[in-house]
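The structure appears below as structure tokens.
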There are 2 protein chains.
Amino acid sequence: MTKKMGADALPLNTILAGDCIEMMNSLPEASVDLIFADPPYNLQLRGDLHRPDNSRVDAVDDAWDQFASFEVYDRFTSAWLKAARRLLKPNGAIWVIGSYHNIFRVGTALQNEGYWILNDVVWRKANPMPNFRGKRFTNAHETMIWASKEEGAKYTFNYEALKSLNEGVQMRSDWVLPICNGHERLKDDSGEKAHPTQKPESLLHRVLVGSTNPGDVVLDPFFGTGTTGAVAKMLGREFIGIERDEGYRKVAEKRIANVRKFDRDALQVSASKRAEPRIPFGQLVERGMLRPGEQLYSMNMRHKAKVRADGTLVGGDVKGSIHQVGAALEGAPSCNGWTYWCIRRDGKTVPIDIFRQQIRAEMAERPI
Amino acid sequence: MTKKMGADALPLNTILAGDCIEMMNSLPEASVDLIFADPPYNLQLRGDLHRPDNSRVDAVDDAWDQFASFEVYDRFTSAWLKAARRLLKPNGAIWVIGSYHNIFRVGTALQNEGYWILNDVVWRKANPMPNFRGKRFTNAHETMIWASKEEGAKYTFNYEALKSLNEGVQMRSDWVLPICNGHERLKDDSGEKAHPTQKPESLLHRVLVGSTNPGDVVLDPFFGTGTTGAVAKMLGREFIGIERDEGYRKVAEKRIANVRKFDRDALQVSASKRAEPRIPFGQLVERGMLRPGEQLYSMNMRHKAKVRADGTLVGGDVKGSIHQVGAALEGAPSCNGWTYWCIRRDGKTVPIDIFRQQIRAEMAERPI
DNA sequence: AACCACCATGAATCGCTGT
DNA sequence: TACAGCGATTCATGGTGGT
């Protein structure tokens with residue numbers, strides 16, 4: 001790892017050991033092009049959580065995620081954001097990632113410190129952890145805030161590169177990417193995950209391609225196991241990491257040493273598989289294409305069923321999905337409800353599948 | 001529109017004219033089940049925005065949407081959230097929708113006022129307006145925050161209904177729904193859109209099916225053209241709207257008058273098993289479905305236990321309920337004995353839960 | 001080699017009711 | 001109000017080990 005330290009020179013491609021606020025304040029002002037920050041989320045978890053198979057969820061219970069109150073968290077957030085802003089060049093920018101536990105505090109602090117929000121970007125996880133108790137929505141996304149140093153500042157935005165990454169369509173504010181697992185997930189010597197919240201390289205790839213140029217200096221004040229540094233090196237950007245945990249630093253050093261610049265595989269990971277879009281029948285009801293209470297008729301006209309507000313059917317004394325009710329009424333092991341159930345429109349009998357085709361056609365015009 | 005006003009009675013299915021904070025404070029406390037709020041966005045657009053072909057984009061530039069500073073906006077936000085919280089029943093909940101311009105302030109204020117965030121939900125727009133200048137990401141989503149009145153409060157969550165709406169997979173925190181246009185988009189007399197930020201009915205359908213029950217009272221303090229009221233009426237919920245703009249109120253009145261409520265049985269929604277009547281295991285023994293001394297086998301066939309006359313089990317040297325013995329033998333923190341224990345019938349292995357289902361079916365025919 | 005069954009796991013603010 | 005007992009609850013992915 002190169003270490004250039006001189007009067008006003010930056011410690012490029014180095015991981016600095018220590019508290020991020022102190023370390024940032026020791027660096028020269030207006031010297032960094034981009035900051036990517038993944039601060040503690042302040043999760044406030046209570047007891048243990050078990051999966052339905054009784055295995056225990058390995059939660060984030062590390063000391064670095066514990067704060068006494070919102071007030072303490074807010075002070076911490078404002079302090080590191082202030083130090084970060086001092087480091088940014090006038091046309092620099094910042095990305096911060098978080099979840100609903102902390103991201104509203106972070107966004108407020110960003111605005112209060114004078115940053116100018118450019119977009120919030122949603123990372124839609126292709127494979128999130130489910131909600132095991134069925135008490136809330138699956139927590140399937142995290143939020144990133146992208147902001148410039150101040151209102152009116154110029155900032156780097158590689159519009160065409162992002163468009164290319166997105167199959168020729170303008171990049172949107174929601175990114176579907178898988179979470180970090182498999183071989184990319186770093187393990188410690190005992191085979192356990194080295195860091196509880198390692199971010200996928202595909203995410204950083206899109207951030208750095210979109211908002212930096214080759215040779216730019218990228219700083220990450222919560223470096224962890226160094227995803228930002230690894231991707232920066234691949235893409236020919238300079239990085240500075242700050243991390244106070246020695247274990248994480250060691251893993252990151254080793255990881256980054258093994259990275260080759262311009263690794264083409266990185267481009268491959270960034271695109272998540274796009275499956276044939278699945279249209280839930282319930283969406284026809286939500287979108288008003290079918291009305292709750294409306295009659296459906298079986299293709300052979302032998303059976304009827306009524307649509308309910310939650311997208312299930314009632315036919316005779318059978319309740320369930322369009323497929324379940326069709327199968328039950330026909331005494332068949334399975335049934336494709338989309339082609340089995342029909343509606344009457346203008347005296348004609350039409351399968352409900354026409355609505356699904358309509359939605360798919362809309363989606364094809366403007367892909368996911 | 002019905003108007004029932006009395007001592008402590010609620011003005012159900014009415015649009016109240018006036019300032020939302022004053023009007024909320026005039027209503028009785030702890031009287032509302034759900035609040036849905038779409039507050040002004042504080043967009044701070046500088047000058048007009050033009051498409052590449054120079055046609056003007058009709059941005060949100062109404063006077064009510066301008067705020068002098070974040071401080072003023074924060075005061076306003078805290079004030080209406082406080083008034084709203086007073087109105088909520090102890091087990092009530094709130095939804096607030098916004099974009100990056102205001103949602104971070106709103107989320108922070110929610111937490112500061114004592115609400116407890118349950119999820120943030122991203123409305124992923126299927127057909128957003130592109131970013132014409134190519135200087136940022138297409139702003140393709142809005143954020144909703146769902147919160148209960150305080151930590152530990154119960155709240156309504158129709159898990160099974162939402163799962164049905166989503167083709168049998170639990171509902172995630174990212175919802176893909178189209179924006180409101182076409183016939184659903186209300187026009188004023190001159191053919192212009194009646195409201196700049198009319199929300200789609202599909203969005204409210206999912207919110208109300210998921211977090212209210214029929215007959216619940218839903219309040220919308222920024223009623224606009226009344227999407228909340230229209231969908232509440234369809235779904236057999238009661239609404240209260242507050243709107244200070246007379247033009248919006250008139251459009252909303254007319255709109256809601258034309259809405260038909262769905263059939264009562266169409267509003268029945270897939271129920272959770274938690275709502276089913278509780279059957280003591282001992283009843284199976286009393287009714288002779290299982291005989292004292294009969295052998296039960298664990299689902300994985302690794303353990304056996306014997307039924308006793310009082311409805312407890314003996315397995316190895318463990319005695320207790322079907323759940324306790326199952327948990328002890330598996331070394332698990334808990335166990336559902338109904339699905340864990342099986343009997344042999346005609347060479348097949350069947351969970352004892354079939355007996356419970358049988359009893360429940362009898363009870364449905366002849367309710368107690 | 002190809003395929004399949006099985007298992008492990010991921011930033012999680014994850015009960016309710018009767019005594 | 002604290003405590004104990006009942007019993008409800010998961011999706012996508014990737015690795016491993018066997019046929």
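A note on names: the letters A, B, ... follow the listed sequences, proteins ahead of strands, and every chain is numbered from 1.
At whole-Å resolution of the value, CZ in B:Arg356 and P in D:dC6 are 12 Å apart. Atom CD in A:Gln44 sits roughly 10 Å away from atom P in C:dC14 (whole-Å rounding). Between the CD atom of B:Gln170 and the P atom of D:dA8 there is a distance of 17 Å, rounded to whole Å. The distance between atom CG of A:Leu177 and atom C1' of D:dT13, rounded to the nearest whole Å, is 15 Å. The CG atom of B:Asn91 sits 13 Å away from the C1' atom of C:dG15 (whole-angstrom rounding). Distance CZ (B:Arg274) to P (C:dC14): 13 Å, rounded to an integer number of Å. Whole-Å rounding puts the B:Trp146 CH2 to C:dT13 C1' distance at 13 Å.
Residues B:Gly168 and B:Ile322 both approach DNA chain D. Their nearest nucleotides, taken by heavy-atom distance, put B:Ile322 toward the 5′ side. When the nearest nucleotides of DNA chain C are assigned to B:Tyr115 and B:Arg278 by heavy-atom distance, the more 5′-ward of the two goes with B:Tyr115.
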Nucleotide N/O of nucleotides 2-12 of chain C paired with protein N/O under 3.5 Å:
| unit_1 | atom_1 | unit_2 | atom_2 | d |
| --- | --- | --- | --- | --- |
| C:dG10 | OP2 | A:Lys193 | NZ | 2.6 |
| C:dG10 | O5' | A:Lys193 | NZ | 3.3 |
| C:dG10 | N7 | A:Arg51 | NH2 | 2.7 |
| C:dG10 | O6 | A:Arg51 | NE | 3.2 |
| C:dG10 | N2 | A:Pro128 | O | 3.1 |
| C:dA11 | OP2 | A:Arg185 | NH1 | 2.8 |
| C:dA11 | OP2 | A:Arg185 | NH2 | 3.4 |
| C:dA11 | OP2 | A:Pro196 | O | 3.3 |
| C:dA11 | N7 | A:Lys199 | NZ | 3.3 |
| C:dA11 | N6 | A:Pro39 | O | 3.1 |
| C:dA11 | N1 | A:Tyr41 | N | 3.1 |
| C:dA12 | O3' | A:Asn139 | ND2 | 3.0 |
| C:dA12 | N6 | A:Gly47 | O | 3.4 |
| C:dA12 | N6 | A:Leu49 | N | 3.4 |
| C:dA12 | N1 | A:Gly47 | O | 3.4 |

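B:Glu113 and B:Arg85 are not joined by a salt bridge, as no carboxylate oxygen comes within less than 4.0 angstrom of a charged side-chain nitrogen. Of the charged side-chain nitrogens involved, none lies within less than 4.0 Å of a carboxylate oxygen, so that A:Glu243 and A:Arg249 do not count as a salt-bridged pair. A salt bridge links A:Lys193 to A:Asp58: one of the charged nitrogens lies within less than 4.0 Å of a carboxylate oxygen. Checked for salt-bridge contact, A:Asp53 and A:Arg51 miss the test: no charged N lies under 4.0 Å from a carboxylate O. The existence of a salt bridge linking A:Glu201 and A:Arg255 is confirmed by a sub-4.0 Å separation between a basic side-chain nitrogen and an acidic carboxylate oxygen. Taking the charged nitrogens against the carboxylate oxygens, A:Lys125 and A:Glu142 do have a contact shorter than 4.0 Å, which makes a salt bridge.
Because its NZ or CZ atom is both nearer than 6.0 Å to the ring centre of A:Phe70 and within 45° of the ring axis, A:Arg105 counts as a cation-pi partner of that residue. In this structure, B:Arg124 is not positioned above the aromatic face of B:Trp175 in the sense of NZ or CZ being under 6.0 Å from the six-membered ring centre and within 45° of the axis.
Within 4.0 Å of B:Arg172, counting heavy atoms only, lies no atom of the nucleic acid at all. Within the 4.0 angstrom heavy-atom criterion, no nucleotide atom of any strand lies near A:Ile97. As judged by a 4.0 angstrom heavy-atom cut-off over every strand, B:Ser272 is placed among residues touching the sugar-phosphate backbone only. Residue contacts for B:Glu151: at a heavy-atom cut-off of 4.0 Å it reaches no nucleic acid atom on any strand shown. Counting non-hydrogen atoms under 4.0 angstrom, B:Ser321 reaches the backbone sugars and phosphates but no base. If you check every strand for non-hydrogen atoms under 4.0 Å, A:His50 touches nothing. Using a 4.0 Å heavy-atom criterion, one finds that B:Glu276 contacts no nucleic acid atom at all. B:Phe281 comes within 4.0 angstrom of nothing in the nucleic acid, heavy atoms only.
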Secondary-structure notation, DNA chain D, from Watson-Crick and G-U pairs under 3.5 angstrom (| other strand): .|||||....|||||||||
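D:dT10 shows a glycosidic angle more than 90° from 0 and is accordingly assigned anti.
OP1 or OP2 of C:dT17 has at least one side-chain nitrogen or oxygen of B:Lys154 nearer than 4.0 Å. Put simply, B:Tyr159 has a side-chain N or O that comes within less than 4.0 Å of OP1 or OP2 on D:dT10.
The two atoms that bring A:Ile21 and A:Ala79 nearest to each other are CD1-CB, 3.6 Å, heavy atoms only. The minimum heavy-atom distance between B:Cys335 and B:Ala327, with the atom names listed, is CB-N, 3.5 Å.
Spacing of C1' atoms, D:dT13 relative to C:dT13, comes out at 26 Å, to the nearest Å.
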